[in-house]
Structures are given as C-alpha cells and as structure tokens.
Amino acid sequence: MTETDGAATAPQAADPGPRKSSWKYIGPGIVVAATGVGAGDLVATLIAGSKFGYTLLWAAVIGCLVKISLAEATGRWHLATGRTIFEGWRSLGRWTTWYFAVYIVVWGFVYGATAMSSSALPIVALFPDGPGLKVWAAITGILGLVFVWFNRYAVFEKAMTVMIGVMFVVVVYVAVRVGPSLPKTFAGLVPALPDGSLLYTLGIVGGVGGTITMAAYGYWVNAKGWTTPAWMKVMRLDNRVAYVTTGIFVVAMLIIGAELLHSTNIVLTSGDKGLVDLGDVLEQRFGSATATLFLVGFFATSFSSLIGVWHGVSLMFADFVERLRKEAVRVETAEAGGAAEVATGEREKSVPFRAYLLWLTFPPMALLFLDQPFGLVLVYGVLGAFFMPFLAFTLIALLNSSRTPGEWRNGWLSNIMLAAAGLLFVVLCVQQIRELF
C-alpha cells in the first residue's frame, strides 16, 4: 500500500488559520483567474457576442458557477486532506497516472508554442518594425522561464495581480466605451438558444477559465501557505473572487462583440489573431490611444496565462515526480501529504519543477518554425478534451469517499454541480473529438 491509499488523514500541523475570512488574504484566486482567461477564450466569447449579441450572456453566468464548483472542490480536497490532487488521483488507481503522465508531457509541448505565439501577437502589432512573430514568441517564452525560475510564489502572485489589474481595467474600459445597452444586457440573462448557437453556448459555459489550471488551483492554495481546513472559508472567498472576475471578463467581451461587431457585421479572424483585428476596429472607431491600450491588455492576458502555466503546471509535474519517487523507494509515512511540502516552497526549487519549465519553453520553439505535426495535434486534442471530465468525475469519487474527512465531503449541491459539470464537459469532449476526426 502506498502513502496515497486508504482513508483520509488529518493535515500534519495544527494551523490556527486566519481569525476571520478577509479580502487581504486573496491571492490564488487572482492567479487562477489571470491564468485561466487566455486570449483564445476572449476571442471565442467575442465571436459569440458578434454572432448572437447579448443572447448568450446567461451562459457566462452558468459557466462561472460551474468553475466555482470545480475549483472549490479542488481546493477543498487539498485543505481537508493535506494531500495534493495528484495524490488523490493516484489513490483511484494506476490508470490515472498513465493518463496524467502522457497528458502533461504532450499538452506542455503543444501549449508552450501556443502560449508563446499568443503573447507575441500584440507585441508585433505594437512594434511592427521590430523582430517577427517567431522571434518575439521565443523571447516571451524565455522571459517567462527566467521569471518563474528565479522567483517564488509570493513574487509570482504580485506580478499576476498587476497583470490581471491591467486586463480588468482595459477590457471593462473598452466595454464601457462601446456603450452597452442595459435593457439588452438584462434580457441576455434569460436563457435562450438562437438557431446555431448550441456549440457557442457550450463553449462559453465550459471554455473560459477551464483547463488544467483548474487542477493547479489547489497547488497555488498550498503555495500561499494554506494547508489545513482552518483556511477553508478564506479559500472559498478567494475562489469566488476568481470566477466573478472571470465572469466580468466574459460579460465585457460579449458586450464588445455585441455592440462593436454584431451591429456592423464585422467578421474577425479565428484564433488569437482575432484580437489583433479587434485592435484595428477600435483604432478606426475610437483612435490609436484606445487601440494601443487594448493591445497592452491583450499582452497582459496572454503573458499572464503563459507564466501562470509555467508556474502552476510545473508545480503539478514536480508533485507528480515526487509522488512516484517516494513510491519507488517504498516511503511510508503517517505525516500529511504533499500539500505541506508544496507550502514550504521547496517544490519551486526542485529539479522536476525546473525540468518541466525547460520542457515548456525550449522544445515547443520547434513548433514555432514548423507546421504542427497532425498526429501530435490529434493526440493533444483528444487528451485535452478528456481532462475536464476526468477532473470533474475524479473529484466526485474523491470527495464522496473515506479519503476525505466526513465534515468536508460533498453535499448535495456540490455533487449536483460537479455532475452537471462532468456531463457538460463530456458533451464538449465528444464534440471536440468529432471536430478532430
């Protein structure tokens, strides 16, 4: 029996936690919001607004509720058990390890190139006479590597707070500038499905802020120093802040799409380049200052996602390697699990952490100069499509079993939300796989 098997054990140290839940403790939620909202998510929401106006606003609200439930469950597992989510997965069987091992390697290779390209696009638009996209992409990747390599969580969190502040101000400013219609906004909160909107609706509910960073949230909670149930109320407040912020981004981009594009029938390029097109539209409508400000916000959105993944997913990989190493040498301990180890900051200095940082940065640069191999893209798409259903259903299994202390197991509402999220992501998974083939 390995150290991740069996019934739940209480966290090792008696952490008194905060005296009361307070805004001053907010941090991991800001990080997960900044990381989870990428340029591609904003484009998808923008296009939905351009096609259907305010009609799908209700889907953004439901999407926030779904993400709050998933992230709360992840954070609750880390705090209630003192164990990381990978330790939980490991207790469900070796199949989870095989899936995660292949996923994190392939996903990191392809995502690295995507994140670097996305971060470079607004720089190229701001400095058209400078180096090309590929050079800027490589530079942003190396900057992310250096920043995460030499800084611990506290500095990383402050940087992410600054970037999400820039994102928030810019996106909300542009949404206000285009002149939202309040009657149409409130009407959009009533569920409706116009013809041809189903896939866009599912994408809004399931897409924004929903990737492997959902699982990384528990690691950021531990890196903040929260390792016991004493921090549960703070974590829940922090989580709500994360996805209310995400919801504001989504609503703002829907408004921009509805007011700026829907009424004028302007069509954007698909993918992240659509935001460069939007910059051009803003320049024609409001002048170069607004367009430049938007491109700065676009960079903050993309680069915050880059360094968020560079840090959070590297933490997950380091934990993955450490768990397997301890099992290989048959380490048995009655102490708390990996959550306490993450809180010490040692994971951020470890060889596996830095090895995965290098994996995210340098091998993907080859994809910047080559067409992405079809087979690799296919594997990446299939593995990625399965991740969110995998996360939702494994959380149901973990939080309804003896692995979790009775006080912190799922209630009926949490089970309903996680099951609904799992079913939603299964539908999205099937659709994504159909598109691949």
Side-chain angles (χ1 to χ4, degrees), residues 11 15-37 61 63-85 88 152-168 208-250 304-305 307-309 311-313 315-316 338-340 342-343 345 347-348 391 395 399 404 407-408 410-411 413-414 417-418 421:
D15 181 356
R19 292 184 178 179
K20 61 179 181 178
S21 180
S22 172
W23 292 94
K24 71 179 181 180
Y25 296 114
I26 298 302
I30 295 296
V31 172
V32 78
T35 305
V37 180
V61 176
C64 287
L65 295 176
V66 167
K67 302 306 181 339
I68 286 172
S69 300
L70 280 166
E72 187 275 339
T74 304
R76 176 155 46 94
W77 165 264
H78 277 245
L79 295 181
T81 66
R83 300 187 184 281
T84 64
I85 190 64
R152 302 280 76 82
Y153 175 80
V155 177
F156 164 72
E157 183 188 286
K158 288 183 174 62
M160 294 293 273
T161 301
V162 170
M163 280 186 277
I164 201 171
V166 172
M167 293 162 58
F168 189 90
V208 179
T211 63
I212 195 172
T213 56
M214 297 287 295
Y217 177 64
Y219 288 87
W220 285 321
V221 164
N222 294 153
K224 181 75 169 177
W226 307 346
T227 59
T228 70
W231 291 94
M232 200 70 74
K233 287 184 179 180
V234 172
M235 181 276 293
R236 284 170 169 163
L237 173 62
D238 178 79
N239 175 46
R240 293 185 192 109
V241 169
Y243 288 101
V244 167
T245 303
T246 299
I248 292 173
F249 284 134
V250 176
S304 64
S305 292
I307 64 172
V309 166
H311 185 275
V313 183
L315 265 182
M316 294 185 70
V342 173
R347 286 279 192 275
E348 297 166 88
L391 177 61
L395 283 171
L399 293 169
T404 304
E407 180 184 359
W408 303 111
N410 276 358
L413 179 59
S414 184
M417 293 299 294
L418 289 177

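A quick note: this is a predicted structure, and the numbers were derived from the prediction, not measured. For the numbers below, each heavy atom of this structure counts, side chains included, while hydrogens, waters and symmetry mates do not.
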(request) Identify the heavy atoms of Thr74 and Gly218 that sit nearest to each other, and give their distance. (result) CG2-N, 3.9 Å
(message) Would you say that Tyr243 contacts Val66 through its side chain, given a criterion of any heavy-atom pair below 4.5 Å between the two side chains?
(response) no
(request) Hey, could you give me the CE/OG1 distance between Met163 and Thr161, rounded to the nearest 0.5 Å? (result) 9.0 Å
(request) Determine which pairs satisfy salt bridge (Lys or Arg N to Asp or Glu O under 4.0 Å) with at least one residue from residues 216-225, sequence neighbours left out, and list them in order. (result) Glu157-Lys224
(request) Decide yes or no for Tyr25 and Lys233: does some side-chain heavy atom of the first lie under 4.5 Å from some side-chain heavy atom of the second? (result) no
(request) Flag the pair Tyr153 / Asn222 as yes when at least one side-chain heavy-atom distance between them is below 4.5 Å, and no otherwise. (result) no
(message) Quick check against the 3.5 Å criterion: does Trp408 have a side-chain atom that pairs as donor or acceptor with the backbone of Trp77?
(response) no
(request) List the atom of Ser414, the atom of Glu72, and the distance in Å for their closest heavy-atom pair. (result) OG-OE1, 4.5 Å
(request) Please identify each residue that fulfils side chain to side chain donor-acceptor pair (under 3.5 Å) with Thr245, with sequence neighbours left out. (result) none
(message) Please verify the inter-ring angle class for Trp226 with Trp231; under 30° counts as parallel, over 60° as perpendicular, anything in between as tilted.
(response) parallel
(message) Ignoring hydrogens, what is the shortest heavy-atom contact between Gly29 and Ala242? Give both atom names and the distance.
(response) O-CB, 3.1 Å
(message) So does Ala34 get a backbone contact from the side chain of Ser304, meaning a donor-acceptor N/O pair under 3.5 Å?
(response) yes
(message) Tell me the closest heavy-atom pair linking Thr84 and His78, and the distance in Å.
(response) CA-CE1, 3.4 Å
(request) Output, in order, the C-alpha distance, side-chain angles, deciding distance and verdict of side-chain contact (heavy atoms from CB on, under 4.5 Å) for Leu65 and Met417. (result) CA-CA 8 Å; Leu65 295 176; Met417 293 299 294; 4.0 Å; yes
(request) May I ask you to test the Arg76-Thr404 pair for a side-chain heavy-atom distance under 4.5 Å? (result) no
(request) Decide yes or no for Ile85 and Leu395: does some side-chain heavy atom of the first lie under 4.5 Å from some side-chain heavy atom of the second? (result) yes
(request) Can you see which heavy atom on Ala71 is nearest to which on Asn239, and at what distance? (result) CB-OD1, 3.1 Å
(message) Is it the case that the side chain of Ser305 and the backbone of Thr35 share a donor-acceptor pair, with hydrogens and angles ignored and the cut-off at 3.5 Å?
(response) yes
(message) Could you tell me if the side chain of His311 sits less than 4.5 Å from the side chain of Glu348, heavy atoms only?
(response) yes
(request) Might you work through the side-chain contact (heavy atoms from CB on, under 4.5 Å) test for Leu79 and Thr228, ending with a clear yes or no? (result) CA-CA 5 Å; Leu79 295 181; Thr228 70; over 6 Å; no
(message) Less than 4.5 Å apart, side chain to side chain, heavy atoms only: is that true for Phe156 and Trp220?
(response) yes
(message) Contact between Ile164 and Phe249 at the side-chain level, heavy atoms closer than 4.5 Å - yes or no?
(response) yes
(request) Locate the shortest heavy-atom distance separating Val221 from Met235; write the atom from each residue and the value. (result) CG2-CG, 4.1 Å
